[in-house]
Amino acid sequence: MYRFLIRRTLVTCRVRSKNNDKLTNTVKLKITQSKKRHKYSETILLPRTKFQVQLSDKERIEKDEYLSKKCGFSELYEWQRKHLPGPDFILHDGPPYANGIPHMGHAINKILKDITLRYKVIYANRVHYVPGWDCHGLPIELKAIHDNCQDPLEIRRKARKYAEEAIVKQKEAFQSWGVMADWNESGCYFTNQSSYMKNQLCQFVKLYEKGIVFRDFMPVHWSPSSRTALAESELEYNKQHESKAVIMRLRVDNLPERLSSFNNHTVYALVWTTTPWTLVANQALAFSADTMYSLAEDCKGNLNIVADELLKAIEPKVGPLRPLRSFEGRELEGSTYFHPLKKEKKCPFLAARHVTTNLGTGLVHTAPAHGSEDFLVALENNIDILSVVNEEGRYTERAGSDFHGLEVLTEGVDKVLNVMGQDVLHVETITHSYPYDWRTKQPVLIRASSQWFIDINSIREKLVDSIADVKIYPRSNRTSFTNALLAGIKNRPYWCISRQRSWGTPIPVLYCKTTGKGFTNKELVERLCQSIDRYGSDCWWEYSVKDLIGLDVFEKMNIAVDDVEKGQDIMDIWFDSGISWSIVPPKGKATLCLEGYDQFSGWFQSSLITSVALQGCPPYSALFVHGFAVDENCLKMSKSVGNVVNPQELLLGGSDLEKKPTYGIDVLRWWVANHGSQHTQVPVSKDLLDGCKQCIHKIRLILRFLLGVLHPYCQDINCEPRYRIIDKYMLYLLYRYNEQMQQHYSNYEYHCAGKTIMHFIANDVSAFYCTLTKDRLYCDEITSSTRIAAVQVIKEVFNVLVRTIAPIVPHLAEESWLHYPESQASIPLHHTQCKVSESWNDPDIVKRMETALRLRNNVLNIVDKTTWKLHGIVKATREDFFFLSVLQDKEESSVSELCEILQLSSITLTEDDTINETQIHVRDIQEVLCERCRRYRGTRENGLCPRCVDVLDKDTSITAVA
């Protein structure tokens, strides 16, 4: 047994030894062949550049920082202001809120703005852009105050500090994304700076003197959680809110004349409401004059008034109703009923246009202090407004002892239903959309209070007309976006601009202590502005009226200074930011405003209203609207959900680099350009980011190739380039590409720009021109006029390409420019110009190339190996022969331009009148392979073709120069 194993082992060793010898011989043969193959490698003009395709995470981070400093990113804004010609392209910055850390919404907005500005600058158009911050408002006030501090000065001090800290963080992030601006404090604007506040006060008093701003006691959206009035734009609607919906009966006091025969019966008006807490403030029942109503008997013999159309709908809830008599709603005029809670009090039936028969009973409970439509009904009928709810959302003493102090939205509802007792016929909980405070996420209510308003009714027609002159991008969404802008203007008569807080710009109004009447004027505001210069922006809360305004002003107005007090309201922050057009853009008008689509109910709208009111026109010529960042499941990003993506992590990587890799600035900006502007939802997912990373990699690859081809193998070449048809065709494609890119940038179609870039480099540059000219570029003589032509075309391609990618990925563009052989290292790309020649635009060149390119596709479809090993036989129709003969003027050639295009070592071209379609056939070449250029076109000495022999005879110094 052992002998067998030993013998088997020896045999195996011998076999292995023989195999190893064979392997050794094979390796030696391959090395010999490799040496032979690379015998002329040093004579090939291969691309040479130090521009890297791959960068490690650390290198990427360091490179981004280096490029920002090396290429003068921080000085670019100031440079272009000094060196580029006007007129200015004015991009007015809608100020981000000075609250919280930078997020993906910031990245989308700021990078899209920067792409817009850089495009203008790279093509020598001066821009005006002043970044700003919205610094006032409740979110900052609440975050700055962690105790029950009531001192306005202390509140303002802490809020100011909080806003300043947030601005520092946001500014650093914006700069790290390559956003071009003057980031010094003097180059930015802040809504809490003294100069800004003074301008705002002056604009307020102008509106007041025009009669557009006024004060009144009206119902507004009120936030008990914030204890302030809110504008519509400060609401968000919770579709899952639950309310108690009630059908109740109110006893009628006197019936219409048509129903007089029923005077001896007990008659009730049936009413449906989703806000039973407002019954405490009930002052009327509203009906529709043109609607038919029924007097219907219930199962207990009681008579009930309800709209005819709604009888069947409410029977399942209140029981069977047998109609006895029908009558028109207008006949209820003059009738009265007993108050639902104060049984001795009689209230009127009133006709109202807002009453419908879509829902409910056709009779609407009316509490003028707690409903806009109810309020208008009260005004039309001269009814005094009864308000029974305080700023905390609790009943006041006027509500009665049973209700005083109760929170109306919760315990107030239960108390009302309890007091009404058997008059409540049906109660159900409904889920519906209900307004919430967008900051505290708590429900709001409608509450009448004395507030300051802008009268939109007085300027509505001008507002609507002015929108027609505003261009809106993306153009495909113009109709829907225009409707969104109009919705907030058409659907509300007033804009409440006062808030009951401390952190903001004061409403510059004094009130008479005895009468409560408010007054202000231009002189008073001018004195206040002087006091702001003297004492600072907190002076309204710190100094007396006498110190702020001066006694002489009150003497002129014949008012005793001791009989006045300062108002405690501040202005709505939408008014703060909305008035920015009057101080930031020159002459009060911007070329473009670029914000998220939510700003149709926010900054776009507040800017439009104030501008039309004060200067009679919109403050912008065009609007560019982008979407909101969502996660990969299209869910809104939220800290509580845990799906928030920090843009800084995309730049630097997260703690787990597999899940959160380092993408760098180029990838972040490419993602914004390609996904941030065409949809209302902008998903942030690893798949999309990885796709963007691949795009950047492909761009780097082609840039590396172009830069490598431009390596200066020889200096001071005086030979004139001799352009082939393919060169001229490439210049034509380059001209068309540049034209497309200008159009995409001009129309803010950045996603189209990204697609066009990728298509151009993958197809026109890489697959077409670079592939078809490699033989000429690598193997021709350095001073060959046709090689010089190809290099010149590559140079033009690089110059145009690098400028068309620069607005989106300026770091990558500047990095490649640093490796451009002809660039002066001290001059960044954005300081240079590149003119596209009109001579490139030669559409006739297309006809000459179409036939050849069609033949190339045919070759690629029938051949699955290197085409240089083949000879082509082309039989052409008369028309095709005319164009092909321009590319090959001899019947057979191995050096023609047609060979270069079809990538065949030689071609036989003939005309055939008997065929309807040009044909091509290929066969293996009979020639020997050239050891230098790897083409088969007849070798001479040393295994070289005639072309390569000639090149080596002339270019004896290639290796040394390289």
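Note that this is a predicted model, so its numbers are computed, not measured. Scope of the values below: all heavy atoms of this structure, side chains included, with no hydrogens, waters or symmetry mates.
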Value rounded to 0.5 Å, distance of [atom1] in [X] from [atom2] in [Y]:
X      : Y      : atom1 : atom2 : result
Glu172 : Gln175 : CD    : CD    : 7.5 Å
His679 : His751 : NE2   : NE2   : 7.0 Å
Arg776 : Arg787 : CZ    : CZ    : 10.0 Å
Leu733 : Asn738 : CG    : CG    : 12.5 Å
Phe768 : Phe760 : CZ    : CZ    : 10.5 Å
Ser601 : Phe604 : OG    : CZ    : 10.5 Å

Where do [X] and [Y] come nearest, in terms of heavy atoms and distance?
X      : Y      : value
Cys188 : Gln193 : O-OE1, 4.2 Å
Gln170 : Tyr97  : NE2-O, 3.1 Å
Ala629 : Gly105 : CB-N, 4.4 Å
Pro807 : Ile122 : CG-CG2, 4.4 Å
Ala98  : Cys135 : CB-CA, 4.2 Å
Ile472 : Arg478 : N-NH1, 3.3 Å

Does the side chain of [X] reach to within under 4.5 Å of the side chain of [Y], using non-hydrogen atoms?
X      : Y      : answer
Leu67  : Leu818 : yes
Val765 : Leu706 : yes
Val791 : Leu777 : yes
Tyr732 : Asn841 : yes
Leu592 : Tyr748 : yes
Ile140 : Arg160 : no
Ile726 : Leu772 : yes
Gln742 : Tyr119 : yes

Stepwise side-chain contact (heavy atoms from CB on, under 4.5 Å) check, Lys110 with Val672: CA-CA 10 Å; Lys110 292 301 178 184; Val672 169; over 6 Å; no
[X] side chain to [Y] main-chain N or O, any donor-acceptor pair under 3.5 Å?
X      : Y      : result
Asp134 : Pro95  : no
Arg669 : Trp177 : yes
Tyr129 : Asp182 : no
Ser766 : Thr771 : no
Asn799 : Lys795 : yes
Gln80  : Val121 : no
Ser577 : Ile573 : yes
Tyr745 : Thr804 : yes
Asn646 : Gln648 : yes
Ser816 : Leu703 : no

Partner of Trp670 under side-chain contact (heavy atoms from CB on, under 4.5 Å), chosen from Ile808, Leu689, Leu812: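 For Trp670, the side-chain contact (heavy atoms from CB on, under 4.5 Å) check succeeds only for Ile808.
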Stacked cation flag Lys120 on Phe89, 6.0 angstrom / 45 deg: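 Pair Lys120/Phe89 counts as cation-pi.
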Six-ring centre of Phe73, Arg118 cation under 6.0 angstrom, axis tolerance 45°: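 Arg118 over Phe73 ring: yes.
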Between [X] and [Y], is any side-chain donor less than 3.5 angstrom from a side-chain acceptor?
X      : Y      : answer
Thr116 : Tyr750 : yes
Tyr162 : Asn99  : yes
Trp79  : His83  : yes
Asp690 : Gln694 : no

Are [X] and [Y] near enough that their ring centres are under 6.0 Å apart?
X      : Y      : value
Phe624 : His626 : no
Tyr729 : Tyr769 : no
Phe481 : Phe600 : yes
Trp603 : His92  : yes

Salt-bridge present (Glu749, Arg475; N to O < 4.0 Å):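 Answer for the salt bridge query: yes.
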Ionic contact status for Lys161 with Glu165, cut-off 4.0 Å: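 Looking at Glu165 and Lys161, the cut-off is met.
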From CA spacing to verdict: side-chain contact (heavy atoms from CB on, under 4.5 Å), Tyr735, Glu796: CA-CA 10 Å; Tyr735 181 93; Glu796 301 293 0; over 6 Å; no
For His103, all residues meeting ring-ring contact (aromatic ring centres under 6.0 Å, His included), sequence neighbours excluded: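 Result, ring-ring contact (aromatic ring centres under 6.0 Å, His included) vs His103: His106.
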Contacts of Phe190 that satisfy ring-ring contact (aromatic ring centres under 6.0 Å, His included) - sequence neighbours left out: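 Result, ring-ring contact (aromatic ring centres under 6.0 Å, His included) vs Phe190: Trp133.
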Partner of Ser56 under side-chain hydrogen bond (donor to acceptor under 3.5 Å, both in side chains), chosen from Glu59, Gln54, Arg60: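 Only one option passes, and that is Glu59.
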Candidate pair Lys58 and Thr662, rule side-chain contact (heavy atoms from CB on, under 4.5 Å), full reasoning: CA-CA 9 Å; Lys58 183 180 179 182; Thr662 301; over 6 Å; no
Heavy atoms of other groups near Lys698 NZ, more than 12 under 6.0 Å: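 Counting other residues, nucleotides and ligands, NZ of Lys698 stays at 12 neighbours or fewer.
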Lys171 atom NZ, neighbour heavy-atom count above 12 within 6.0 Å: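 Enclosed: over 12 neighbouring heavy atoms sit under 6.0 Å from NZ of Lys171.
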Whether Tyr189 and Tyr196 hold their rings parallel, tilted or perpendicular, with breakpoints at 30° and 60°: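 Rings of Tyr189 and Tyr196: parallel, as their planes differ by under 30°.
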Audit row: His711, Thr49, side-chain hydrogen bond (donor to acceptor under 3.5 Å, both in side chains) steps and yes/no: CA-CA 7 Å; His711 175 76; Thr49 180; over 6 Å; no
Audit row: Tyr620, Ile90, side-chain contact (heavy atoms from CB on, under 4.5 Å) steps and yes/no: CA-CA 9 Å; Tyr620 35 68; Ile90 304 167; over 6 Å; no
Qualifying residues under salt bridge (Lys or Arg N to Asp or Glu O under 4.0 Å), relative to Lys441, sequence neighbours excluded: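 Once residues adjacent in sequence are excluded, the partners of Lys441 under the salt bridge (Lys or Arg N to Asp or Glu O under 4.0 Å) criterion are Glu236.
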